[in-house]
Each structure stands twice: as structure tokens, then as C-alpha cells.
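Structure first, commentary second.
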2 protein chains.
Amino acid sequence: MESKSNCPVNKSLEVFGDKWSLLIIRDLMFNEKRTYREFLYSDEKIATNILATRLEMLCKEGIIIKKKDPNHKQKIIYSLTEKGIDILPIIIEIGCWGVKYKPVTSKQKLRAKELKNDKEKLLKEMKRELLKNTQI
Amino acid sequence: MESKSNCPVNKSLEVFGDKWSLLIIRDLMFNEKRTYREFLYSDEKIATNILATRLEMLCKEGIIIKKKDPNHKQKIIYSLTEKGIDILPIIIEIGCWGVKYKPVTSKQKLRAKELKNDKEKLLKEMKRELLKNTQI
DNA sequence: CCGCATCCCTATAGATACTG
DNA sequence: CAGTATCTATAGGGATGCGG
């Protein structure tokens, strides 16, 4: 696909600038979802064809990778690459805006504040975890 | 519109989770665009009907406001509210990701780094400017 | 000139049923 | 379990119109 402009913001949005992609990435980061079924049963009720195309696109873009579960061969595990993990700051900022301007629970407010403070630490942890898993 | 879930990330995305909204906000923040025509002539070539509906939505959401140009009565000036200015950190993070993972110029790289470092300062400046303009 | 509104057509999103 | 197939609804693109 041809890029509409060479603005970095636009180029990023052409990758994950639709609602569903960022929600899938959110589920990978914070909700411990890793299989097709788990994504399918998200709170926002993504349709199965949309999920399939998004997962494929995110793989192609190098934001997630899929591999077979070593224990249950029929299962497929999706996980974030470093490129995907680097979307964390964006998700956190989006969450913080929602917490500030949309009605949310006090629990969610607290969580957002924690995440923002621990952003750098969390980023490093996720990348360390990634490295560990690829070495196995 | 009914919210699909009560996740803050989802609630934010339901407001500006489409490509065009964030590009309009980017133009307001960094490209000094303030009139309908100026948005229309963006690099990404937004269609006139899309622009109209997005501007209306962003007004309704309280992210931008429209007022008549005091000098040229037939002109309409759009500007960010505080709620809109608070989207700045999101745009900056999106830009930084693009700079890191998409082909961009060295100028764009430098600019992204500057913006990230001066984020807090820039936020305050934009809000101070907003306050000044509303007092007039 | 200005800010849109409208129409028409196409592309993509989305819901649901089904399959290897 | 992880997806396809199929169908419909909606979003988007582009030309053009229109009141101020």
C-alpha cells in the first residue's frame, strides 16, 4: 500500500490507526490474552473475520508473531515483538486520556497512574521477557 | 452511542480512534492549520464530507471549538480546547514510534526527539496560550 | 472567495454461518 | 481450535452544488 504522506504520525496510523489493532495489542499487554479464542472473547466483541485479518496484518508488520504452543500442538500462541512492545507508551497515554476525560472507576484511575509512572520499567521488563522466550 | 466496553483505552479510541481525527488534531498542533480550507489541503487529502463530519464530532466531544475570525467575519477558526491539547502526548508517542520503525528523514527524527523531550513544556505553553485567547 | 451539504459510487468493516 | 465464506451495512472518495 502506498503511503498517503511521509509524516511519521500518519505512517504509524496507517499501521495501527484503526480501533481494533490497538485493542488487540492492549489485550496482549495487559490482559494476558495470547490465543485466537481469547481475543475473540474480548469485552468489545470483535468479529472473527476482523480478528483474523488484523492478526495477519500485525504479523506482516512485525508487531506480533505467531507460534505453535509446544505443549498443545493444535494451539497457536500470539505474542508481541519488540516493535509491538514499543506501542506500550501510546496505549498508556491513550488510557490516561480516557481516565481523565471519560467516566471510569477509581480503580482504573489508580491503575492508569501506576502504569504511567512505571512506563519505562514496564517497557524494559517486557523486552527482557521477550528476550528470555526467544532464547528457549 | 453506547460504549462497547468500559475500558479507558477503548473509550478514548471511540472518540479519536480513527485515522482522520488524529491527523486533524496533529494539523492543529504542529501545522498551524485553523480553517476548513487549510485542513482540506492536508498532505493526506481528506475528503470534504469526511472533514465536515469529523470537525462536527470533535466539536461535540469538546476537543475543538469553532469561532468566527474577528477580522474576516466570513472565516471560521478552529482551535483546540484543553481536552484537545491533552491529546498531545498521544500524538508525540505515535510520531516517535513512526520515526523509530518507518522510513523518515533525519530532520523528522530530530524533531520527534525534541518534541518528546519538551513535551511537558509544550503542553504548558499550549494551555497558557489557550487561556490567553479565551480572556480576550 | 468562505464553510459546508449532497449525491453517487466503491471499498472496507462488520455480523453470522460454516469449515479443515 | 483457528480460521473462511458470504452477505449486508457503513465509511470513505470525489465531484459538484449552494447559501453567505
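Sequence lines set the chain letters: A, B, ... in the order given, protein chains first and strands last, and positions in each chain run from 1.
Inter-residue side-chain proximity for B/I87 and B/L22 is flagged as met; some heavy-atom pair is nearer than 4.5 Å. The side-chain heavy atoms of A/R26 and A/I94, taken from C-beta on, include no pair separated by under 4.5 Å.
Residue A/D18 contributes atom CG, which lies 15 Å from atom C1' of C/dA11 at whole-angstrom precision. Regarding B/I76, its CD1 atom lies at a distance of 18 Å from the P atom of C/dC1, rounded to whole Å. Spacing between atom NZ of B/K73 and atom P of C/dG3 amounts to 15 Å, rounded to whole angstrom units. Note: CE (A/M57) to C1' (C/dT12) measures 13 Å, nearest angstrom. With rounding to whole Å, B/K33 atom NZ is found 13 Å from C/dG3 atom P. Distance OH (B/Y41) to C1' (C/dC2): 11 Å, rounded to an integer number of Å. Rounding to whole angstrom units, CG of residue B/L40 and P of C/dG3 are separated by 9 Å.
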Could you write out DNA chain C as a dot-bracket string, with dots for unpaired bases, | for bases paired across to another strand, and Watson-Crick or G-U pairs counted at under 3.5 Å? ||||||||||||||||||||
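B/K100 is linked by a side chain to side chain donor-acceptor pair (under 3.5 Å) to A/D86, counting only residues two or more places apart in sequence or in another chain. Residues meeting the salt bridge (Lys or Arg N to Asp or Glu O under 4.0 Å) test with B/R54, sequence neighbours left out: B/D18.
Ion pair A/K66/A/E56 not flagged as a salt bridge, since none of the NZ, NE, NH1 or NH2 atoms sits closer than 4.0 Å to an Asp/Glu carboxylate oxygen. Ion pairing between A/K132 and A/E129 holds under the 4.0 Å rule for side-chain N and carboxylate O.
At least one donor-acceptor pair under 3.5 Å links the side chain of B/T81 to the backbone N or O of B/I63. No donor-acceptor pair under 3.5 Å is formed between the side chain of B/K119 and the backbone N or O of B/E93. A side-chain donor-acceptor contact under 3.5 Å links B/Q108 to the backbone of A/N6.
When hydrophobic residues (I, L, V, M, F, W, Y) are linked wherever their side-chain heavy atoms come within less than 4.5 Å, the members clustered with A/V104 are A/V99.
Nucleotides of DNA chain D lying under 4.0 Å from heavy atoms of chain A occupy a range whose first and last members, 5' to 3', are D/dC1 to D/dG13.
Environment of NZ in A/K124: sparse, with no more than 12 heavy atoms of neighbouring residues, nucleotides or ligands closer than 6.0 Å.
Counting non-hydrogen atoms under 4.0 angstrom, A/K66 reaches the backbone sugars and phosphates but no base. Residue B/T53 is classed as having no contact, given no heavy-atom separation below 4.0 Å to the nucleic acid.
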Within the sub-3.5 Å range, which N or O atoms of nucleotides 14-20 of chain C have a protein N or O partner, and how far apart are they?
from	atom 1	to	atom 2	distance (Å)
C/dG14	OP1	A/W20	NE1	3.4
C/dG14	OP2	A/W20	NE1	2.8
C/dG14	N7	A/N49	ND2	3.3
C/dA15	N6	A/N49	ND2	2.2

